[in-house]
Protein chains: 2
Amino acid sequence: MKKGQVTIRDIAIKLKISVSTVSRALRNSPEIKLETRQKVMAMAEELNYTPNVVAQSLRVNRTKTLGIVVPQLASHFFASNISGIQDTAYRRGYNVMICQSNENFEQEKSDIRTLISTRVDGLLISLSRETESYEHLQNLIEREIPFVLFDRITEGFPVSTVTVDDTLGAYKVTKHLLEQGCKRIAFISGPEGMYICKKRIAGYEQALNESGVNIDGNLIVYSDLTEESNKRLTNQLLGLEEKPDAIFAINDPVAIDVMKFLKSKGMKIPEDIALVGFTNMPVSDALEPSLSTVDQPAYEMGRLAANNLLDQLLDPESFEPQNLVLDTELVIRNSSKK
Amino acid sequence: MKKGQVTIRDIAIKLKISVSTVSRALRNSPEIKLETRQKVMAMAEELNYTPNVVAQSLRVNRTKTLGIVVPQLASHFFASNISGIQDTAYRRGYNVMICQSNENFEQEKSDIRTLISTRVDGLLISLSRETESYEHLQNLIEREIPFVLFDRITEGFPVSTVTVDDTLGAYKVTKHLLEQGCKRIAFISGPEGMYICKKRIAGYEQALNESGVNIDGNLIVYSDLTEESNKRLTNQLLGLEEKPDAIFAINDPVAIDVMKFLKSKGMKIPEDIALVGFTNMPVSDALEPSLSTVDQPAYEMGRLAANNLLDQLLDPESFEPQNLVLDTELVIRNSSKK
DNA sequence: TTGAAAGCGCTAACAG
DNA sequence: CTGTTAGCGCTTTCAA
């Protein structure tokens, strides 16, 4: 920071005491006389002293900073995750440093590298849609840097994870659609490798199987989550010989693209085709028709992930990785009411 | 960080050279023999060395980190601002540390304090809606900590600012509404003290004046931006003796609340009442009717703010504060086409 | 081209 | 209850 920063040394000199006494007084050490402590505090105030966290961090080998890696910031879901993490971290005396991978694998690796060299005490990571190899996570394990994965996770690492019950969520959607009389339910998934996609497809298939509806591979398509891709795949589905009577989109943003496309083709939702998303964005109920979706407790996910990591940091010995799975809630609106 | 971190000392010992040589080699100092440098690099690689940024920061008194304070993260506008800042910062070798004030003045002050003690090299700040006194900014000036204000700014400080031309944007909206034949245009503003509100109201009034429409104080209301407040005020406007035939909302989220409320009352948009927002959220064109609005270059704002701050950091002497004002674009959609 | 040594601001034995 | 001292990992004179 700028020139002339006030240090504990300045306070010590002014008060003609030692720096260690100042240091202790500032941290409310019980071994310091009340009077001395008050004098130190007063002088610190007077000089507008701000502790140098950098020096503290170097000394105690702990930055009290958490690193966050998310695929993107401009997404209500991840922004809420981050809010949950941040509020929790602050309450427990930690800062956070946020990086976004922009859904790019190389960027994700680079983000983690940056965060490590910044010496964050631990990491909270949500993987990019491109991520299909995991040496960078293995590397964290080897370096004994604590981290937890949330939402966009992978399995097989001895770390905590926080997710929603994607399978059950997708199951509930599909069941609901079947109950509305839909016979040919299409699923627009994200990239095939993504954990949440696999899980949601599993729930979708489970519901179909239970109802004796056979699974048609043509009805399952994989989007790279761009608007172009979403619209193209919707078009592709509409071109099927046996057209779908419902579309289940992997998330609300995809559902919105689908909705725009369907409207542009003059199709009526839900009459001609039902539509359901996943996530429950704040605008989803303002759409026309209002979008049925699955509500995910994003803030809560962040909160849990942060608390878990912080517990681990506090007491590494007795820590055991946990796989936290949160419930989702099916939100039925007009886009799926036949 | 964890135990057994590799340091330059480890490299020096392995190679039987001094730490200063290692330090220099690592930073590609020209005074080091190529051969030595290569050996150092190889060994660093082999030992999986990661420089300790904390130690570097303490030594050179520079953290290469920028602090960001925004009112909220879960907003597409601010998330885009941040993306712009982040991309720019990374490209120029800086990290960012993000705080959200949650639109709370005390939190804003606390965020800035935290960021300062973390020794960020500079700050990018967008004020909370509650902020009406500015000692915390004055304090930054006194400490000679560089900062730039963006979007939610205040005037009167010798610092750079980045905004859009709010007055002109609001002027264009109001003009457009008048052209559509609207005679009684209501304005739902944010808190009265907010800079952007004042500016936008000015544009609104200017357009009315130019067209000889007299300004009716009953048509200008101040929301605290909560959904409850937005709906209550809409209701209040509808209860006016002389009802409005258009509503201009301070931003898209407010406009969406208004839209929901109007629909719930069975009113037709734009037939019964026209509606325009400000910001252009990605979903705004998916609404029914699609929402007319003003497009703000949020990412670009972040980019400019970051570049400006970074320039200042690079060369503090020759730096002059700038007030950057970006253009907006009126986006006419169905919600305002009579 | 390299090394020795000082020191950034702070904390934490250890000693008194 | 307080002071002395060493040192976290790194950069940077200064000297060789």
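Chain letters run A, B, ... following the sequence lines, proteins first and then strands; every chain starts at 1.
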Please enumerate all protein N or O atoms sitting under 3.5 Å from an N or O of nucleotides 6-8 of chain C, with distances to 0.1 Å.
| unit_1 | atom_1 | unit_2 | atom_2 | d |
| --- | --- | --- | --- | --- |
| C:dG7 | N2 | B:Arg59 | NH1 | 3.2 |

Could you list the protein-to-nucleotides 13-16 of chain C atom pairs, N/O on both sides, closer than 3.5 Å?
| unit_1 | atom_1 | unit_2 | atom_2 | d |
| --- | --- | --- | --- | --- |
| C:dA13 | N6 | A:Arg24 | NH1 | 3.4 |

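Residue order along DNA chain D, read from the 5' end via each residue's closest nucleotide, puts A:Ser18 first among A:Ser18 and B:Val53.
Between the side chains of B:Tyr49 and B:Asp10, no donor N or O sits under 3.5 Å from an acceptor N or O. In the model, B:Thr161 has no side-chain atom that pairs as donor or acceptor with a side-chain atom of B:Thr163 under 3.5 Å. Side-chain contact check for B:Thr50 and A:Arg143: at least one donor-acceptor pair (N or O, by modelled atom type) lies under 3.5 Å. The closest side-chain donor-acceptor pair between A:Arg113 and A:Ser117, if any, does not fall under 3.5 angstrom.
Pairs of residues two or more places apart, or lying in two chains, that qualify as side-chain hydrogen bond (donor to acceptor under 3.5 Å, both in side chains) and include a residue from residues 308-317 of chain A are A:Arg92-A:Asp311, A:Ser160-A:Asn308, A:Asp315-A:Ser318.
Here the C1' atom of nucleotide D:dT4 and the CZ atom of A:Arg9 are 14 Å apart, to the nearest Å. The separation between B:Gln5 atom CD and D:dG7 atom P is 20 Å, rounded to whole Å. Regarding A:Lys16, its NZ atom lies at a distance of 17 Å from the P atom of D:dT2, rounded to whole Å. Atom pair B:Asp10:CG and D:dC10:C1' shows a separation of 13 Å (rounding to whole Å applied). Here the P atom of nucleotide D:dT2 and the CD atom of A:Gln38 are 12 Å apart, to the nearest Å. Atom CD1 in A:Ile13 sits about 12 Å away from atom P in C:dG9, given to the nearest Å. Between B:Ile8 atom CD1 and D:dC8 atom P the separation is 12 Å, expressed in whole Å. Between the CG atom of B:Leu26 and the C1' atom of C:dT2 there is a distance of 16 Å, rounded to whole Å.
Using modelled atom types, no side-chain atom of A:Gln107 and backbone atom of A:Asn102 make a donor-acceptor pair closer than 3.5 Å. The closest donor-acceptor contact from the side chain of A:Glu31 to the backbone of A:Arg24 lies at 3.5 Å or more, if one exists at all.
Among the protein residues, B:Thr36 comes within range of the sugar-phosphate backbone only, with heavy atoms under 4.0 Å from sugar or phosphate atoms but none that close to a base.
Among the candidates B:Glu108, B:Glu132, B:Glu103, the single residue satisfying the salt bridge (charged side-chain N to carboxylate O under 4.0 Å, His left out) test with B:Arg152 is B:Glu103.
In this structure, A:Thr21 reaches the D:dG3 phosphate: one of its side-chain N or O atoms is under 4.0 Å from OP1 or OP2. In terms of phosphate contacts, B:Arg27 brings a side-chain nitrogen or oxygen within less than 4.0 Å of OP1 or OP2 of D:dT12.
Atom NZ of A:Lys64 sits in a crowded spot, with more than 12 heavy atoms from other residues, nucleotides or ligands closer than 6.0 Å.
Residue A:Tyr49 places its side chain closer to C:dC10 than to any other of C:dT2, C:dC10, D:dT2.
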